[in-house]
Engineer: 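The structure follows.
We name chains A, B, ... by the order of the sequence lines, and we start the count at 1 in each one. As the structure is a prediction and not an experimental result, all values here were calculated from the model.
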2 protein chains.
Amino acid sequence: MNRSRAIKEFKEIIKKSGLKYTPQREKIFRVILSTKGHFEIEDLVHRIRSKNIDVSRATVYRTLDILKKLGFVNEVIKFKNKTIYEVALKEHHDHLICRKCGKIIEFHSDEIEQLQNKICEEYQFKPEFHRLEIFGLCKDCQ
Amino acid sequence: MNRSRAIKEFKEIIKKSGLKYTPQREKIFRVILSTKGHFEIEDLVHRIRSKNIDVSRATVYRTLDILKKLGFVNEVIKFKNKTIYEVALKEHHDHLICRKCGKIIEFHSDEIEQLQNKICEEYQFKPEFHRLEIFGLCKDCQ
DNA sequence: TTAACTGCAAACCGTTTGCACGCAT
DNA sequence: ATGCGTGCAAACGGTTTGCAGTTAA
């Protein structure tokens, strides 16, 4: 999905949810869309500050919460007490996380997804979403 | 592994690591071993308090850190800014987490593990440990 | 008009840390 | 003897919240 399409959809969905479409929310979402890969909220706040966009920290936190609930971002992991997010516009994937340099590599495996579904059936568990993180050393850090 | 065997091993390994085997550390480890399933540190502190064991909160945190480094406990997930641990005496497994009632169901799949290894090879990534969490609704909450 | 939203600063809460004293080795 | 470990209380840092003023609908 491209950027302007995403913003349009954000606007529609936010209104459909009975929420207000404010300049702050759009600005925050735009900055997030210009992010490649993963981000944490404090980085987002700093990026916003450096662009002289006047949105308060509190609003950033509150907006992230909405974006998460509406499915525009995913919470990837809590790392050292900070929450790391990603834009949810791409296909589902999982993560290889280098515990030395912190690099995050994305991958996807249909086979693993299928096995997960099989397991959920066994336990009569209704899966909604999942997270698979493999920690270790990347090529460069070994 | 049974409890007294685990404590003995803890004692050996902690000394081998050049650390001191203190009464506090043993007491904390005993309380953890008497835990079934998963726990969070504040619960642990309260359990310890209720048994009139005099160990400070700071020492509990510091000991958990050691236990984690030595592999006696695993950090399962950070949930609502709290860290959830589990005793690492059983075989590796993954988790189905009910987002309504919070129940955690454990499962294991050799097939998934093998696929993970295959993926790591592809990326020349050296895996050390992983976490697979499937969120959804358990049998009772659907 | 009015319910939602925002900015601010203070509060929150899990976790970490500096320091003086204590104890395992 | 000595250096690691402990308890205490204060600090930390990410996140949340109460409130008074503002704004989208």
Side-chain angles (χ1 to χ4, degrees), chain A residues 7-8 10-32 38-49 51-70 73 75-85 102, chain B residues 7-8 10-32 38-49 51-70 72-73 75-85:
Chain A
I7 290 172
K8 198 176 156 196
F10 175 51
K11 186 172 180 177
E12 281 170 14
I13 291 184
I14 212 171
K15 289 193 170 189
K16 201 170 293 175
S17 307
L19 301 170
K20 288 181 179 171
Y21 192 69
T22 66
Q24 290 90 336
R25 286 177 179 170
E26 179 174 327
K27 284 172 191 166
I28 292 167
F29 190 48
R30 280 183 184 280
V31 174
I32 289 173
H38 306 82
F39 63 92
E40 41 196 77
I41 297 194
E42 281 310 302
D43 284 351
L44 197 56
V45 171
H46 292 146
R47 194 121 35 88
I48 285 170
R49 289 280 147 78
K51 294 189 176 190
N52 290 316
I53 299 173
D54 56 336
V55 177
S56 70
R57 166 175 279 101
T59 296
V60 174
Y61 275 92
R62 290 190 271 232
T63 301
L64 253 289
D65 215 48
I66 292 172
L67 285 167
K68 192 168 87 178
K69 287 202 179 94
L70 297 183
V73 303
E75 189 182 304
V76 176
I77 187 181
K78 305 244 184 193
F79 194 58
K80 293 180 185 287
N81 304 324
K82 280 183 296 188
T83 308
I84 297 179
Y85 293 90
Chain B
I7 290 173
K8 198 176 156 195
F10 175 51
K11 186 171 179 176
E12 282 170 12
I13 291 184
I14 212 170
K15 289 195 168 185
K16 201 170 294 175
S17 307
L19 302 169
K20 289 180 179 170
Y21 192 69
T22 66
Q24 288 90 336
R25 287 175 178 170
E26 179 173 327
K27 284 172 190 166
I28 293 167
F29 191 49
R30 281 183 184 280
V31 174
I32 289 173
H38 306 81
F39 63 93
E40 40 196 77
I41 297 194
E42 281 309 301
D43 285 351
L44 197 55
V45 170
H46 292 146
R47 194 122 35 89
I48 285 168
R49 288 281 148 78
K51 294 189 177 192
N52 291 315
I53 299 173
D54 56 336
V55 177
S56 71
R57 167 174 279 100
T59 296
V60 174
Y61 275 93
R62 289 190 271 231
T63 301
L64 252 290
D65 215 48
I66 291 171
L67 284 167
K68 191 169 88 180
K69 287 202 178 94
L70 298 183
F72 287 94
V73 303
E75 189 182 306
V76 175
I77 188 182
K78 303 246 185 192
F79 195 58
K80 293 181 185 287
N81 304 322
K82 280 183 296 187
T83 309
I84 297 179
Y85 293 89

Engineer: Roughly how many Å is it from OH in B:Tyr85 to P in C:dT15, rounded to a whole number?
Structural biologist: 7 Å
Engineer: What integer distance in Å separates B:Glu26:CD from D:dT6:P?
Structural biologist: 12 Å
Engineer: Return the value, rounded to whole Å, for the distance between atom NZ of A:Lys78 and atom P of D:dT15.
Structural biologist: 6 Å
Engineer: Compare side-chain N and O positions of B:Lys82 against OP1 and OP2 of C:dC13 and report whether any pair is under 4.0 Å apart.
Structural biologist: no
Engineer: B:Tyr61 side chain N/O closer than 4.0 Å to the phosphate oxygens (OP1, OP2) of C:dT16?
Structural biologist: no
Engineer: Are A:Thr22 and C:dT6 close enough that a side-chain N or O sits under 4.0 Å from OP1 or OP2?
Structural biologist: yes
Engineer: So, under a plain 3.5 Å distance rule, would you say the side chain of B:Lys20 forms a donor-acceptor pair with the base of D:dC4?
Structural biologist: yes
Engineer: May I ask you to evaluate whether B:Gln24 reaches the phosphate of C:dC23, defined as a side-chain N or O under 4.0 Å from OP1 or OP2?
Structural biologist: no
Engineer: On DNA chain D, nearest-nucleotide positions of B:Val55 versus B:Gly18: which is more 5'?
Structural biologist: B:Gly18
Engineer: Treating A:Thr63 as the side-chain partner and A:Thr59 as the backbone partner, does any N or O pair qualify as donor plus acceptor under 3.5 Å?
Structural biologist: yes
Engineer: Assuming nearest nucleotide by heavy-atom distance, tell me which of A:Ile66 and A:Ala58 is located more 5' along DNA chain C.
Structural biologist: A:Ile66
Engineer: The side chain of B:Arg62 is closest to which nucleotide in this list: C:dT17, D:dG5, C:dC8?
Structural biologist: C:dT17
Engineer: Using OP1 and OP2 only, check whether a side-chain N or O of B:Thr83 sits under 4.0 Å from C:dT15.
Structural biologist: yes
Engineer: Does any N or O in the side chain of A:Arg57 come within less than 3.5 Å of the main-chain N or O of A:Ile41, such that one atom is a donor and the other an acceptor?
Structural biologist: no
Engineer: Would you check if there is a donor-acceptor pair between the side chains of A:Glu40 and A:Tyr85 at a distance under 3.5 Å?
Structural biologist: no
Engineer: Looking at B:Lys20, is its backbone amide N or carbonyl O close enough to the side chain of B:Arg25 to form a donor-acceptor pair, meaning the two atoms are under 3.5 Å apart?
Structural biologist: yes
Engineer: Looking at side-chain heavy atoms only, is the closest gap between A:Lys78 and B:Asn81 below 4.5 Å?
Structural biologist: yes
Engineer: Looking at the side chain of B:Tyr21, which of D:dG14, C:dT25, C:dA9 is the nearest nucleotide?
Structural biologist: C:dT25
Engineer: Could you tell me the separation between the CD atom of B:Glu42 and the P atom of C:dC13, rounded to a whole number of Å?
Structural biologist: 11 Å
Engineer: Which one of A:Leu67, A:Ile14, A:Ile66 satisfies the side-chain contact (heavy atoms from CB on, under 4.5 Å) criterion with A:Phe29?
Structural biologist: A:Leu67
Engineer: B:Ile14 has an atom CD1; how far is it from atom C1' of C:dT25, in whole Å?
Structural biologist: 14 Å
Engineer: Roughly how many Å is it from CG in A:Asp54 to P in C:dG7, rounded to a whole number?
Structural biologist: 7 Å
Engineer: When we call it a touch if two heavy atoms are under 4.0 Å apart, what does A:Arg57 touch: a base, just sugar-phosphate, or nothing?
Structural biologist: base
Engineer: Are A:Arg25 and C:dT6 close enough that a side-chain N or O sits under 4.0 Å from OP1 or OP2?
Structural biologist: yes
Engineer: Can you tell me if the side-chain N/O atoms of B:Thr59 get under 4.0 Å from OP1 or OP2 in D:dG7?
Structural biologist: yes
Engineer: Within this structure, what is the CD1-to-C1' distance between B:Ile41 and C:dT15, rounded to whole angstrom?
Structural biologist: 8 Å
Engineer: Whole angstrom is fine here: how far is it from CG in A:Asp43 over to C1' in D:dG14?
Structural biologist: 13 Å
